[in-house]
Structure formats: structure tokens, C-alpha cells
Participant: 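Below you'll find the structure I mean.
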Amino acid sequence: VICSLEISLTTSFGSRLNKAAHHTSDYNSTQMILRRGQAFTITLNFQRTVQPEDNFTFIASTGPSPAESQQTKAIFHLSDDAAEGWSATQEHCEPGRMSLMIVSPANAIIGRYKLKLQIASGNKTSSALLGQFVLLFNPWCPNDDVYMANEEERQEYVLNDSGIIFQGKEKYIQKEAWNYGQFEEDILDISLSILDRSLNYREDPYTDVSNRNDPIYVCRVISAMVNSNDEKGVVEGKWSGSYRSGTNPLHWSGSVTILRKWYRRRFKPVRYGQCWVFAGVMCTVLRSLGIPTRVITNFNSAHDSNINLSIDKYIDVSGETLNLSEDSVWNFHVWNESWFTRKDLGSFYDGWQVLDATPQEKSKGIYRCGPASTRAIKEGDVNLDYDSSFVFAAVNADCVTWIQHSKKRTERIYSNTRKIGKFISTKAVGTNTRVDVTNNYKYPEGSSKERQVYKKALKLLGVSSTGRRKKVTKPRRRFPVAGRQNMPVTRQKPTVSGKLKLDASPVIGQDILLTLALQNLTADFKTIKVKLRASAVLYTRRPKAEILQWSRSIQLGSEEVKEISFKISYSQYKNALLDDRKILVTAVCEARQGASLLVEKDIVLQDPLLTIEVLGPTVVHKATNVLVTFTNPLSEVVTDCVLKAEGSGLLKEQLNIKYIIPYKSGIRQLQVDLACIRFSNIKGFVMLDVAPAQ
């Protein structure tokens with residue numbers, strides 16, 4: 001910056017050295033990007049000799065109407081010793097040239113800053129704008145609330161711009177690649193714009209900016225802004241129906257396209273997203289701001305709408321799901337964890353904090369969730385901020401299934417304390433393998449400690465052992481638990497056991513072969529009425545289309561085991577199958593004596609393989625051909641096939657491509673997505689080691 005003043009000077013921020021020291025070299029930006037709590041250097045080049053009587057005063061400011069009282073403005077002087085707060089010290093001085101070291105405090109507000117200099121010489125004062133910079137959270141600084149001691153973890157949770165999001169079901173876990181792209185052009189600016197578009201900022205911008213030194217506050221704002229429910233945030237959620245007015249959530253492969261679309265269309269919510277999309281976008285935003293963040297998948301995830309730690313499902317005698325409860329169990333649910341201290345709760349609750357941008361329930365009037373300490377969840381401290389009771393239920397609630405025989409009789413047929421919260425997963429540090437973090441959330445299922453914590457949570461929530469509330473603690477919504485209060489409940493011991501088994505791994509395009517195995521648990525002869533139903537379901541396990549239904553009477557002798565084989569043909573399911581490619585099979589088994597039996601089987605049809613072969617070495621700025629191979633497994637022609645690719649450091653946008661031209665060296669993730677009439681999202685990925693330009 002050249003200052004046309006009585007004392008003219010130019011300023012150099014030494015961008016390359018500062019970026020390397022602050023771990024911000026990967027940002028594709030011409031801005032100076034720094035991390036708080038760490039020194040950076042600037043060089044002042046004067047057009048006249050600096051005099052001993054010259055007095056240097058620096059002003060660092062951020063936000064609208066900066067003020068020292070709000071900590072959005074700092075005034076500090078050139079001194080020999082670094083003081084608390086902002087400081088400036090002289091490193092080197094020669095005629096016409098001075099090198100300075102400036103340090104921001106470890107609790108400084110993050111965001112866009114201006115740095116000004118005032119020079120007082122005698123009775124004259126001159127001022128100049130030295131430059132502008134962006135200040136981020138600093139996981140490398142021991143005094144920062146987001147400090148993370150392990151360098152490999154910092155590389156993964158702050159600097160890795162690609163990753164894996166686990167999906168599927170507990171017995172069939174799938175890897176899906178995701179391009180976070182937090183260093184791509186405009187993404188940091190967009191992340192800061194998300195903060196500036198929040199309801200908090202619009203209502204009181206001065207207070208909002210002054211709170212941006214706190215990762216708890218920032219994460220809570222981002223959790224609300226990633227969904228569009230309250231504040232016209234980034235992504236609009238949709239879980240059923242047509243996606244023609246937007247993008248099918250399964251077609252997204254990364255956050256960059258979504259964030260740019262939101263920004264370029266003047267902050268109009270991007271259609272559409274589901275849980276993994278919300279989590280992927282939030283991971284991008286928080287990593288770009290410097291907060292260590294990872295994506296977590298919880299299999300058999302409970303949505304406990306009335307926070308009584310019991311998930312109630314109602315079916316009729318044919319096995320059809322009845323909409324008598326707002327509770328649900330999703331095959332999987334995806335959220336985030338971010339790493340920081342909890343000064344509001346105490347050091348015991350430091351570490352990983354759960355955040356969830358998927359709009360499920362309101363938290364203090366806005367659709368957001370967290371941060372909830374994983375330590376609080378594990379110990380059953382469901383009374384602690386923020387939303388720990390909701391997350392506790394997601395991983396710990398008991399699951400109860402009821403059959404409604406008539407308006408006057410409801411039968412409790414199934415209760416499971418171990419079904420919810422299985423194989424809680426995240427990507428490993430440094431590799432694409434799965435790491436199970438279930439132990440971070442709860443004690444071993446069935447252990448005395450686990451039940452002790454569960455009872456502690458019930459007590460804190462004011463819930464009786466029957467699931468009824470004795471008092472309500474910070475309710476989100478009050479839904480009646482239908483059936484229990486109004487209908488007589490029948491409880492008997494089952495006299496028959498059963499299991500649904502797949503005869504072979506189900507592949508889309510082929511018939512699904514199953515066996516229902518029933519065993520008489522008594523010495524008495526029994527006739528069992530079996531009503532079987534197969535439905536296409538969403539990953540939230542909400543049935544959307546019926547595929548198959550039949551009834552049979554099965555006769556079982558004393559302690560006899562009998563197997564009934566059946567199939568669901570491709571012709572039966574091909575037009576009913578949803579994009580999720582999931583089928584739920586239920587069998588309701590009734591005998592004259594003893595409790596009814598419900599047998600369920602979740603089926604995920606396997607995708608056809610998509611193979612990716614890179615034809616030759618990958619070098620920065622050199623084109624490389626890519627061969628993608630797909631074999632159609634169907635006996636019919638598929639049309640309207642579109643192949644797209646994405647990858648930070650490899651492609652600037654999500655494109656229809658025949659070759660790639662890498663623009664960054666290092667390990668890069670190339671993702672490929674094939675969509676056509678019968679296959680909505682056949683995905684694959686490959687890791688590339690890109691060499692620097694020669």
C-alpha cells in the first residue's frame with residue numbers, strides 16, 4: 001500500500017513466509033490469511049529516514065463501527081516487549097526500512113481486519129492504511145480454545161480438503177467420498193459471508209461480531225445457517241417427493257458447488273440436501289475458519305421428538321407402519337464433531353463437541369443443534385448446553401414396537417435397549433479407513449454402567465420408567481406418545497422366534513432371495529399366521545412404496561424349526577425402488593396363544609461397480625486422461641447417462657470431463673458420479689499423488 005502522506009511508505013506483508021508459518025498456504029486467495037495468537041511480519045519502506053522521536057501507533061479493527069469496548073478495535077504501540085493482547089515489536093531497522101513483528105491475542109475475534117498506522121512526529125500526525133487481512137482460529141496455538149496438540153490430527157481435521165462419509169446400514173457400511181474444498185477460491189469469503197447473513201448479525205451486528213472470538217458461538221451460528229429453515233441459509237432440506245426443482249441430494253459429491261451456488265445466487269438456499277450434505281457443508285465452513293472438524297455417522301440413529309428416551313413405532317396387524325408417533329429410527333444419520341474447550345461447562349467437557357445442521361428440532365427457537373460435549377453425552381449429563389439430551393437420545397434411546405390390533409387394543413411386542421447408536425463412525429487420520437468412535441458416546445451396551453447412565457438421564461429429564469414425563473425440562477415440542485395413555489396394553493411372552501435371512505447379497509437388477517425361519521419355542525403344536533410385507537423405504541426408514549404383500553398359515557410341531565423361502569423379483573421392485581435403493585421387509589407372526597412376533601430385515605441393494613483408471617502420471621498443469629468403466633447389470637438399455645467428476649486441486653468445478661488438469665500437488669481425491677434413468681448415483685473415487693510442475 002503506497003501512502004501519499006507527509007511520511008510516505010510502502011508496506012510488505014511478506015505473504016509467502018507468513019502463510020507458511022500460519023499454515024494458510026493452501027488457500028486459493030490473494031488475501032493475507034493469518035491465524036490468531038501467532039506472530040506475523042510486515043516490512044515498512046519509508047521515503048525518508050525514521051527519526052528517534054517518531055511515535056508509532058497501530059490500529060487493528062474488524063466489523064462495523066469497531067470499538068475497543070467490543071474488542072473489535074485494538075490500539076497498540078511499537079514497543080520492545082510483546083504485551084498481552086495485540087502487540088508490535090521491531091525486528092530490524094535500517095535507513096528507510098523497518099521490519100515489524102505483530103502478534104494478535106489467542107482469543108482475538110476472527111474475521112476480516114484492517115491494519116492502520118499512525119505516526120506522530122513532534123506536533124504532526126500522519127496515518128495510513130497498511131493493509132487488510134483475514135484472521136482465523138488457530139489449532140496450532142496452545143492458548144487458543146481450538147488448540148489440538150497432535151500434528152497428524154491437525155493435518156486431517158483442519159488441512160485435509162477431502163474425506164469419506166459413511167452411509168448404508170449397520171451391517172452394510174458404505175464409503176462415500178466428499179470434496180470439502182475449504183481452500184478453493186471464494187470458499188473462505190463465502191464462509192465469512194455465512195456469518196454476516198445470520199439472524200444474529202442482522203439483529204445486532206456489533207454484538208454478533210464481538211462474539212466471534214468464541215468457537216462455541218461461531219459453531220452454533222454456522223449450525224443454524226447451513227440449513228435454510230430460519231435464516232435463508234445455505235441448503236434446503238428435502239426427504240421425499242420430486243427433486244426436479246433442484247438437485248437430488250444423492251447427486252452432490254462435495255461442498256464447493258453448493259456454497260458457490262448459494263453465494264452467486266445472492267444467498268438463495270440451494271435445493272436440496274439431506275443429513276450427509278448438511279454435515280459435509282458444515283465441515284467445509286468450519287475447517288475453512290480454522291476449527292478442527294470431522295464428520296460422524298451414527299447407524300440406527302434415533303429421532304426422539306419428545307425427548308423421553310423411548311422410540312415408539314406403531315404397526316398394524318399386516319406390518320404396515322402407522323403414523324401415530326413423531327419418533328423415528330434412521331438407518332444412519334450424519335452430523336459433525338468440532339474440537340474446542342468448554343469454558344462454559346468446565347474442562348472435563350473439553351474435546352469433541354457434536355454439531356448437527358440437519359433441521360430436525362429447534363434449539364432455543366431456531367433449527368440447529370449443539371455444540372454438545374461427547375463427554376456429557378457419555379456420562380448422561382443431558383441437562384448441559386447445548387442439546388445434549390437430543391444427541392443422547394440419538395445414540396442411547398430404547399426402541400419399542402407396538403401392534404395396534406384395534407382402536408381398543410395395543411400390544412407391546414418388541415423392546416430393545418441395544419438397537420440404537422451402532423457403529424458410530426468417522427474417517428481415520430491419514431487414511432480412508434473407518435474408525436469406530438462409539439465408545440466416545442456411551443459405555444458398552446448392556447453393561448451396568450450403561451444402564452446406570454441411562455437411568456441418570458431419565459431422572460434429569462424427569463421421565464418415568466414407563467416413558468411418561470413427570471416434568472418437562474426445556475422441551476422442544478410436546479408430542480403425545482400415542483397408544484400408551486389411551487389404549488389397553490397387552491404384554492405376553494412370545495412362544496415363537498423368527499429371523500429373515502438373505503440367501504445372497506442383493507444386487508440391483510437381480511431377484512432378491514430370502515428365507516423366513518420360524519421356531520416353535522414350546523412343546524405344543526402351533527398354527528402361525530404370517531403376514532409379510534416389503535416396502536421401498538428412505539434411509540430414514542419411512543415407507544414410500546409397497547412392493548410385495550402376502551399372508552400364509554405355517555404349522556409348527558413341538559419345538560420345530562421351519563424355513564419359508566420366497567423372492568422379490570426385479571420386475572416387482574424396479575419401479576417402486578427409490579433413489580436410496582433400500583427395502584424394508586416385515587413379517588408379523590401371530591399365534592392363538594403368546595405374544596405376536598415382528599421380524600424385520602433392512603435390505604440395501606448393492607450398486608454396480610464403477611472403476612476409475614488414471615492413464616498416465618499426474619503432474620500439476622498437465623492434462624491426464626481418465627478411463628471410467630461401468631457395466632450395465634440390467635437386461636434393459638439405460639439412457640440419459642451423465643458422468644461428472646469433482647476434486648479439489650484437480651478440477652475447478654464439478655464438470656462433465658474426459659481428462660483432468662491438476663493445479664495442486666500432493667495427495668488428491670478424484671470423485672466420479674454416474675447418473676442415468678435406472679441409476680441415480682453410481683459413485684466411485686480414486687486417490688492420486690500429483691507431482692509438482694516440472
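Only a predicted model underlies this, so the values are computations on that prediction, with no experimental measurement involved.
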Participant: Are Glu236 and Val270 packed together at the side-chain level, in the sense that at least one heavy-atom pair is separated by less than 4.5 angstrom?
Facilitator: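 Heavy-atom side-chain distance check fails, nothing below 4.5 Å.
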
Participant: In terms of side-chain heavy atoms, does Glu153 have a donor or acceptor partner in Trp339 at a distance below 3.5 Å?
Facilitator: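 Their side chains do not contain a donor-acceptor pair, so the 3.5 Å distance test is not met.
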
Participant: Can you name the nearest heavy-atom pair linking Tyr367 to Asn229, along with the distance?
Facilitator: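 Residues Tyr367 and Asn229, closest heavy atoms: CD1-CB, 3.7 Å.
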
Participant: Output yes when Asp196 and Arg112 qualify as a salt bridge under the 4.0 Å nitrogen-oxygen rule, no when they do not.
Facilitator: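 Yes, charged N to carboxylate O under 4.0 Å.
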
Participant: Consider only side-chain N and O atoms of Tyr441 and Asn298, and report whether a donor and an acceptor are under 3.5 Å apart.
Facilitator: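 Tyr441 vs Asn298: no donor-acceptor pair found between side chains.
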
Participant: Search all heavy atoms of Cys275 against all heavy atoms of Trp239 and return the closest pair with its distance.
Facilitator: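 What the structure gives for the nearest pair is N-CZ2, 4.4 Å.
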
Participant: Check whether Tyr180 forms a cation-pi arrangement with Arg287 (NZ or CZ under 6.0 Å from the six-membered ring centre, at most 45° off the ring normal).
Facilitator: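 Judged by the rule, Arg287 and Tyr180 form a cation-pi pair.
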
Participant: Is there a donor-acceptor pair under 3.5 Å between the side chain of His23 and the backbone N or O of Val158?
Facilitator: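 The answer is no, because no donor-acceptor pair under 3.5 Å joins these two groups.
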
Participant: Is the number of heavy atoms from other residues, nucleotides or ligands under 6.0 Å of Glu176 CD greater than 12?
Facilitator: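 Above 12, so yes.
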
Participant: Is the terminal nitrogen or CZ of Arg220 (NZ for Lys, CZ for Arg) located under 6.0 angstrom from the six-membered ring centre of Tyr386 and within 45° of that ring's axis?
Facilitator: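 Yes; both conditions hold, so Arg220 lies above the ring face of Tyr386.
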
Participant: Could you tell me if Lys232 sits above the aromatic ring of Phe267, with its cationic atom closer than 6.0 Å to the ring centre and no more than 45 degrees from the axis?
Facilitator: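 Output no; distance or angle outside limits.
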
Participant: Go through the side-chain N and O atoms of Ser99 and Glu91 and say whether any donor and acceptor fall under 3.5 Å apart.
Facilitator: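 No.
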
Participant: Quick check: do Gln669 and Gln671 have side-chain heavy atoms less than 4.5 Å from each other?
Facilitator: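 Heavy-atom side-chain distance check passes, below 4.5 Å.
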
Participant: Under 30°, 30 to 60°, or over 60°: which ring-plane class applies to Phe40 and Phe133, parallel, tilted or perpendicular?
Facilitator: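 Phe40 vs Phe133 ring planes: tilted.
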
Participant: Would you kindly say whether Glu646 and Asn179 are connected by a side-chain donor-acceptor distance under 3.5 Å?
Facilitator: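 Yes, a side-chain donor-acceptor pair sits under 3.5 Å.
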
Participant: Applying side-chain contact (heavy atoms from CB on, under 4.5 Å) between Ile119 and each of Thr57, Asn55, Leu78, Asp54, report the one that passes.
Facilitator: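 Single side-chain contact (heavy atoms from CB on, under 4.5 Å) partner of Ile119 among Thr57, Asn55, Leu78, Asp54: Asp54.
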
Participant: Would you sort out whether Asp208 and Asp204 count as a side chain to side chain contact (heavy atoms under 4.5 Å, CB included), showing the intermediate values?
Facilitator: CA-CA 6 Å; Asp208 173 73; Asp204 186 351; 5.8 Å; no

Participant: Do Trp178 and Ser253 get their side chains close enough for a donor-acceptor pair, meaning under 3.5 Å?
Facilitator: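 Judged by distance alone, the side chains do not pair up.
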
Participant: Name the residue from Asp144, Asn138, Asn143 that meets the side-chain hydrogen bond (donor to acceptor under 3.5 Å, both in side chains) definition with Arg36.
Facilitator: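 Exactly one candidate clears the test, Asp144.
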
Participant: Asn227 side chain to Ala357 main-chain N or O, any donor-acceptor pair under 3.5 Å?
Facilitator: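 Present.
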
Participant: Does a salt bridge link Asp387 with Arg368, judged by any charged N lying under 4.0 Å from a carboxylate O?
Facilitator: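 Judged by the 4.0 Å cut-off on N to carboxylate O distance, Asp387 and Arg368 do not form a salt bridge.
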
Participant: Heavy atoms, side chains only, cut-off 4.5 Å: are Arg197 and Glu231 in contact?
Facilitator: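 Contact flag for Arg197/Glu231 side chains = no.
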
Participant: Mark yes when over 12 heavy atoms from residues, nucleotides or ligands other than Glu151 sit less than 6.0 Å from its CD; otherwise mark no.
Facilitator: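 Buried by this count: over 12 neighbours within 6.0 Å.
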
Participant: Evaluate whether atom NZ of Lys664 has more than 12 neighbouring non-hydrogen atoms of other residues, nucleotides or ligands under 6.0 angstrom away.
Facilitator: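 Result for NZ/Lys664: enclosed.
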
Participant: When you measure from the side chain of Arg266 to the backbone N and O of Tyr263, does any donor-acceptor pair fall under 3.5 Å?
Facilitator: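 Flag not set: sc Arg266 to bb Tyr263 has no pair under 3.5 Å.
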
Participant: To check you understand the geometry: which heavy-atom pair defines the closest contact between Val134 and Leu192, and what is its length?
Facilitator: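 Looks like CG1-CD1, 3.9 Å.
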
Participant: Please round to the nearest 0.5 Å and tell me the distance separating atom CG of Leu130 and atom CG of Leu115.
Facilitator: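 CG of Leu115 is found 4.5 Å from CG of Leu130.
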
Participant: Any side chain to side chain donor-acceptor pair (under 3.5 Å) involving residues 272-281? Give me the pairs, sequence neighbours left out, ordered by first then second residue.
Facilitator: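 For residues 272-281: Tyr243-Gln274, Ser245-Tyr272.
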
Participant: Output the distance between atom CG (Leu135) and atom CE (Met32), rounded to the nearest 0.5 Å.
Facilitator: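 One finds 12.0 Å between CG of Leu135 and CE of Met32.
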
Participant: Applying side chain to side chain contact (heavy atoms under 4.5 Å, CB included), run through Asp304 and Phe390 and close with a yes or a no.
Facilitator: CA-CA 7 Å; Asp304 185 11; Phe390 187 72; 5.7 Å; no

Participant: For the NZ atom of Lys261 and the CD1 atom of Ile258, what is their distance to the nearest 0.5 Å?
Facilitator: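 It comes to 8.5 Å.
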
Participant: Classify the side-chain pair Thr293/Ser338 by whether it contains a donor and acceptor separated by less than 3.5 Å.
Facilitator: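 A pair is found: one side chain offers a donor N or O, the other an acceptor, under 3.5 Å apart.
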
Participant: Going from CD on Glu361 to OG on Ser389, what distance comes out if it is rounded to the nearest 0.5 angstrom?
Facilitator: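 Going from the CD atom of Glu361 to the OG atom of Ser389 covers 10.0 Å.
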
Participant: Side chain to side chain contact (heavy atoms under 4.5 Å, CB included), that's the test. Do Glu379 and Phe348 meet it? Break it down for me.
Facilitator: CA-CA 11 Å; Glu379 299 300 331; Phe348 178 79; 4.0 Å; yes

Participant: Please report the closest heavy-atom contact between Asn383 and Ser388, naming both atoms and the distance.
Facilitator: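 Of all heavy-atom pairs spanning Asn383 and Ser388, the closest is N-OG, 4.1 Å.
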
Participant: Checking Ser198 side chain against Leu195 main chain: does a donor-acceptor pair fall under 3.5 Å?
Facilitator: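 Yes, Ser198 side chain to Leu195 backbone: donor-acceptor pair under 3.5 Å.
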
Participant: Does Thr374 form a side chain to side chain contact (heavy atoms under 4.5 Å, CB included) with Val354? I'd like the steps, not just the answer.
Facilitator: CA-CA 7 Å; Thr374 55; Val354 174; 3.9 Å; yes

Participant: Of Arg375, Lys427, Arg294, which meets salt bridge (Lys or Arg N to Asp or Glu O under 4.0 Å) against Glu337?
Facilitator: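 Testing Glu337 for a salt bridge (Lys or Arg N to Asp or Glu O under 4.0 Å) against Arg375, Lys427, Arg294 leaves exactly one candidate, Arg294.
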
Participant: Look at the side chain of Arg668 and the backbone N and O of Gly649, then say whether any donor-acceptor pair between them is shorter than 3.5 Å.
Facilitator: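 Pair absent, no side-chain N/O of Arg668 close to backbone of Gly649.
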
Participant: Between Gln38 (side chain) and Ser104 (backbone), is there a donor-acceptor pair under 3.5 Å?
Facilitator: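 No, because the side chain of Gln38 does not come within donor-acceptor range (under 3.5 Å) of the backbone of Ser104.
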
Participant: Are any side-chain N or O atoms of Lys238 and backbone N or O atoms of Pro249, one a donor and one an acceptor, separated by less than 3.5 Å?
Facilitator: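 Not a single qualifying donor-acceptor pair exists.
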
Participant: Spell out, as yes or no, whether a donor-acceptor pair under 3.5 Å connects the side chain of Tyr113 to the backbone of Ile109.
Facilitator: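 Checked: pair present.
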
Participant: With a 4.0 Å cut-off, would you call Asp436 and Arg434 a salt bridge?
Facilitator: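 Yes, this pair counts.
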
Participant: Counting C-beta onward and ignoring hydrogens, is there a side-chain heavy-atom pair between Trp352 and Ser373 closer than 4.5 Å?
Facilitator: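 No, every pair of side-chain atoms sits at 4.5 Å or beyond.
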
Participant: Can a side-chain donor-acceptor contact be found between Gln31 and Ser29 if the only test is distance below 3.5 angstrom?
Facilitator: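 Yes - a donor-acceptor pair under 3.5 Å links their side chains.
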
Participant: Decide whether Tyr349 and Asp381 meet the rule of one side-chain donor and one side-chain acceptor closer than 3.5 Å.
Facilitator: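 Result is yes, a qualifying pair exists.
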
Participant: Looking at side-chain heavy atoms only, is the closest gap between Ile424 and Ile296 below 4.5 Å?
Facilitator: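 Yes, at least one pair of side-chain atoms sits under 4.5 Å.
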
Participant: For residues Glu184 and Tyr27, determine if any side-chain heavy atom of one lies less than 4.5 Å from a side-chain heavy atom of the other.
Facilitator: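 Side-chain contact under 4.5 Å: no.
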
Participant: Show the nearest heavy-atom pair for residues Phe340 and Cys219, with the distance to one decimal.
Facilitator: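 The answer is CE2-SG, 3.6 Å.
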
Participant: Give a yes-or-no answer on whether the side chains of Gln353 and Arg342 include a donor-acceptor pair shorter than 3.5 Å.
Facilitator: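 Present: a donor and an acceptor within the cut-off.
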
Participant: On a heavy-atom basis, which atom in Gly365 and which in Asp230 lie closest, and how many Å separate them?
Facilitator: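 Taking every non-hydrogen atom into account, O-OD1, 4.3 Å.
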
Participant: Considering the options Thr284, Leu286, Val285, Ile222, which one meets the side-chain contact (heavy atoms from CB on, under 4.5 Å) requirement together with Ser191?
Facilitator: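 Testing Ser191 for a side-chain contact (heavy atoms from CB on, under 4.5 Å) against Thr284, Leu286, Val285, Ile222 leaves exactly one candidate, Val285.
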
Participant: Do Thr72 and Thr62 have side-chain atoms, one donor and one acceptor, less than 3.5 Å apart?
Facilitator: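 Checked: Thr72/Thr62 side chains show no N/O donor-acceptor pair below 3.5 Å.
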
Participant: Distance check, rounded to the nearest 0.5 Å: Leu188 atom CG versus Leu136 atom CG?
Facilitator: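 Leu188 CG to Leu136 CG: 6.0 Å, rounded to 0.5 Å.
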
Participant: Would the distance check show the side chain of Lys442 and the main-chain N or O of Gly421 forming a donor-acceptor pair, the cut-off being under 3.5 Å?
Facilitator: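 Yes; judged by distance alone, with no hydrogens or angles, the pair exists.
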
